[in-house]
Amino acid sequence: MSRIVFTVQARLDIKEINKFIARENPQAATRFVDTVEEKCQVLANFPNMGRSFDYLATSLRGFSVGNYLIFYRQIENGIEVERVLSGYRDFDTLFSEDDDV
């Protein structure tokens, strides 16, 4: 089994999305988290499945899950999940802010 590493920011993203969805539908929130974990496992096994987002950050890839994107990088024996964001967010701004930190 390939390994999956979540950054602190990715964990916070998932937690915030979960809370947002749970306000209207707790079961959907649980399904969302489960789906993200399942997709991450698939990506860890097949890291080139996602689309390249090199224009945002070096070696960054993304894979959609509904209205959200899992942003990740390939690492030895798996992936590192950098962020999980709504597809409606301004990725250029978010990733330039990440570079400033």
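Side chains included, hydrogens not; waters and symmetry mates left out as well; all remaining heavy atoms used. Computed from a prediction, not measured in an experiment: that's the story for all the values here.
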Any chance you could pull the hydrophobic cluster mates of Leu12, using side-chain heavy atoms under 4.5 angstrom and chaining through other members?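 In the cluster with Leu12 are Val8.
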Side-chain ([X]) to main-chain ([Y]) donor-acceptor, under 3.5 angstrom:
{"X": "Asn77", "Y": "Ser2", "answer": "no"}
{"X": "Asn45", "Y": "Gln41", "answer": "yes"}
{"X": "Tyr72", "Y": "Pro47", "answer": "yes"}
{"X": "Ser52", "Y": "Ser59", "answer": "no"}
{"X": "Arg83", "Y": "Gln9", "answer": "no"}

Just how far is it from atom [atom1] of [X] to atom [atom2] of [Y], taken to the nearest 0.5 Å?
{"X": "Asn48", "Y": "Leu43", "atom1": "CG", "atom2": "CG", "result": "10.0 Å"}
{"X": "Ile70", "Y": "Ser64", "atom1": "CD1", "atom2": "OG", "result": "8.5 Å"}
{"X": "Ile17", "Y": "Leu85", "atom1": "CD1", "atom2": "CG", "result": "6.5 Å"}
{"X": "Asp13", "Y": "Tyr68", "atom1": "CG", "atom2": "OH", "result": "10.5 Å"}
{"X": "Asn25", "Y": "Phe20", "atom1": "CG", "atom2": "CZ", "result": "12.0 Å"}
{"X": "Lys19", "Y": "Lys15", "atom1": "NZ", "atom2": "NZ", "result": "6.0 Å"}

List the atom of Ile79, the atom of Ala44, and the distance in Å for their closest heavy-atom pair.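 Looking at all heavy atoms of both residues, the shortest contact is CG2-CA, 3.9 Å.
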Do [X] and [Y] land in one hydrophobic cluster if side-chain heavy atoms of ILVMFWY residues count as linked below 4.5 Å?
{"X": "Phe46", "Y": "Leu60", "answer": "no"}
{"X": "Val33", "Y": "Val81", "answer": "yes"}
{"X": "Ile21", "Y": "Val36", "answer": "yes"}

Check whether Phe53 forms a cation-pi arrangement with Arg51 (NZ or CZ under 6.0 Å from the six-membered ring centre, at most 45° off the ring normal).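 Yes; both conditions hold, so Arg51 lies above the ring face of Phe53.
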Would you say that [X] contacts [Y] through its side chain, given a criterion of any heavy-atom pair below 4.5 Å between the two side chains?
{"X": "Arg31", "Y": "Gln27", "answer": "yes"}
{"X": "Ile4", "Y": "Glu37", "answer": "no"}
{"X": "Phe32", "Y": "Val84", "answer": "yes"}
{"X": "Val42", "Y": "Phe63", "answer": "no"}
{"X": "Gln74", "Y": "Arg61", "answer": "no"}

Pair Phe6-Ile14, side chain to side chain contact (heavy atoms under 4.5 Å, CB included): steps then yes or no: CA-CA 10 Å; Phe6 289 89; Ile14 293 167; 3.8 Å; yes
